[in-house]
Amino acid sequence: MMEPSSSTERAAERIRAARILPVLRTKTSEESYQMALRLLALGIGAIELTTTTEGWQDALIRLRTEAPDALVGAGTVVNRADAERAIEAGAGFLVSPYPVPAVRSLAAERDILFIEGGFTPGELAAATSRGVAKIFPAHVGGIAYLRSMLAVLPGARIIPTGGIPASEAAQWLEAGAFAVGVGSDLYSDDGMDAISTLLASGPGTGR
């Protein structure tokens, strides 16, 4: 488990406090940048920009320059090269969809939070033993699967991501999610309304 005073732990705490972790996967860096600004204006405290977006580094650099207090990380980081690019651009955390030892080791070297993806009990147990894990794709197992994992991994910090509508985020948090990753639903009016409602409701019960 990470030391409470470390920068990785501070980043983890900011994500826990945010409760919603928007995952921005767009066609262009400008689209990611504009959506990030919209989310920050709503009061979102942490944002993930995916490396599958063309020019993702540009959006990350712009956000770090124009919104220096925001916690902006890089997602879908599946190799050391992208991890190095993300850190150089100012990423506050890294996220992968599945276990990636090369990224894990670099994150440890650079003292940056790495939210490592997994799905099986073994993958999630290994990732949570080092800090924060991500269940992906979360919709496959649903909330019942998260509850089952937390039953055998009490106190584990797990962020379910993948196929979760914003309107269901509160249910995942009640089930014990550390935070909830929301992606495609961000681009619908209903999704943004659901996020606004959750933010207005005050702190939730995530772990």
Side-chain angles (χ1 to χ4, degrees), residues 11-27 31-32 35-36 38-40 42-53 71-78 93-99 113-121 123-125 127-128 131-153 156-207:
E13 175 56 25
R14 290 185 65 179
I15 292 172
R16 184 204 63 77
R19 295 179 291 161
I20 292 286
L21 180 59
V23 181
L24 304 188
R25 193 182 305 280
T26 62
K27 291 183 179 179
E31 290 175 321
S32 289
M35 177 58 78
R38 184 180 178 190
L39 290 164
L40 290 173
L42 283 178
I44 288 287
I47 291 174
E48 175 186 334
L49 305 180
T50 61
T51 63
T52 53
T53 295
L71 180 63
V72 183
T76 319
V77 181
V78 296
F93 59 93
L94 306 175
V95 186
S96 71
Y98 48 79
L113 176 65
F114 178 39
I115 302 170
E116 191 163 23
F119 190 80
T120 68
E123 290 172 341
L124 293 171
T128 57
V132 183
K134 163 181 157 178
I135 289 182
F136 181 82
H139 71 90
V140 173
I143 293 175
Y145 188 70
L146 173 65
R147 289 196 179 104
S148 294
M149 291 300 96
L150 291 174
V152 296
L153 298 170
R157 300 184 291 182
I158 299 175
I159 301 177
T161 305
I164 300 177
S167 61
E168 296 179 8
Q171 298 173 46
W172 287 85
L173 291 166
E174 288 291 337
F178 187 69
V180 180
V182 176
S184 58
D185 206 30
L186 295 170
Y187 305 97
S188 70
D189 291 338
D190 288 344
M192 292 299 282
D193 288 345
I195 289 175
S196 296
T197 299
L198 180 63
L199 293 174
S201 70
T205 59
R207 292 173 184 257

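All values below were derived from every heavy atom in this structure, side-chain atoms included, with hydrogens, water molecules and symmetry-related copies excluded.
Judged purely by atom type and a 3.5 angstrom limit, T120 uses its side chain to pair as donor or acceptor with the backbone of E123. Under a 3.5 Å cut-off, the side chain of T53 and the backbone N or O of R25 do not form any donor-acceptor pair. A donor-acceptor contact shorter than 3.5 Å links the side chain of R19 to the backbone of L198. With hydrogens and angles disregarded, no donor-acceptor distance shorter than 3.5 Å links the side chain of T76 to the backbone of T51. Remark: side-chain polar atoms of E31 are paired, donor with acceptor, to backbone N or O of K27 under 3.5 angstrom.
Annotation: the span from L94 atom CG to E116 atom CD amounts to 11.0 Å, rounded to 0.5 Å. The distance from atom CG of L24 to atom CG of L49, rounded to the nearest 0.5 Å, is 5.5 Å. We find the CD-CG distance between E13 and L113 to be 11.5 Å, quoted to the nearest 0.5 Å. Taking CD1 of I20 as the start and CG of L173 as the end, the distance is 6.5 Å to the nearest 0.5 Å. With values rounded to the nearest 0.5 angstrom, I164 atom CD1 is found 4.5 Å from W172 atom CH2. Rounding to the nearest 0.5 Å gives a distance of 8.0 Å between CZ of F178 and CD1 of I115.
Side chains of I159 and I15 form a contact here, defined as non-hydrogen atoms less than 4.5 Å apart. Under the 4.5 Å side-chain criterion, counting only non-hydrogen atoms from C-beta, V152 is not in contact with S148. Under the 4.5 Å side-chain criterion, counting only non-hydrogen atoms from C-beta, M192 is in contact with R38.
Residues I47 and F93 share a closest heavy-atom pair of O-CZ, 3.4 Å. Of all heavy-atom pairs spanning V77 and A74, the tightest one is CG2-O, 3.5 Å. Nearest approach of P22 to A46, heavy atoms of both residues: CD-O, 3.0 Å. Smallest separation of non-hydrogen atoms from A169 and V180: O-CG2, 3.8 Å. Residue S196 comes nearest to L42 through the heavy atom pair OG-CD2, 3.5 Å, listed as atom of the first residue, atom of the second, then distance. For the residue pair V78 and P97, the shortest heavy atom distance occurs at CG1-CD, 3.6 Å.
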Audit row: T161, L21, side chain to side chain contact (heavy atoms under 4.5 Å, CB included) steps and yes/no: CA-CA 9 Å; T161 305; L21 180 59; 5.9 Å; no

Evaluation steps, side chain to side chain contact (heavy atoms under 4.5 Å, CB included), between K134 and V95: CA-CA 8 Å; K134 163 181 157 178; V95 186; 3.6 Å; yes

Side chain to side chain contact (heavy atoms under 4.5 Å, CB included) between L186 and L39, worked out: CA-CA 9 Å; L186 295 170; L39 290 164; 4.1 Å; yes

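R14 pairs by the side-chain hydrogen bond (donor to acceptor under 3.5 Å, both in side chains) definition with nothing, not counting sequence neighbours. Taking S184 as the reference, nothing meets the side-chain contact (heavy atoms from CB on, under 4.5 Å) condition, with sequence neighbours excluded. Judged as a ring pair (Phe, Tyr, Trp, His ring centres under 6.0 Å), and not counting sequence neighbours, the contacts of F119 are Y145. In this view, T26 and S32 satisfy the side-chain hydrogen bond (donor to acceptor under 3.5 Å, both in side chains) rule, not counting sequence neighbours. Partners of Q171 according to the side-chain hydrogen bond (donor to acceptor under 3.5 Å, both in side chains) rule, which considers only residues two or more places apart in sequence or in another chain, do not exist here. Contacts of A166 classified as side-chain contact (heavy atoms from CB on, under 4.5 Å), with partners at least two apart in sequence or in another chain: V182, D185, A194, I195.
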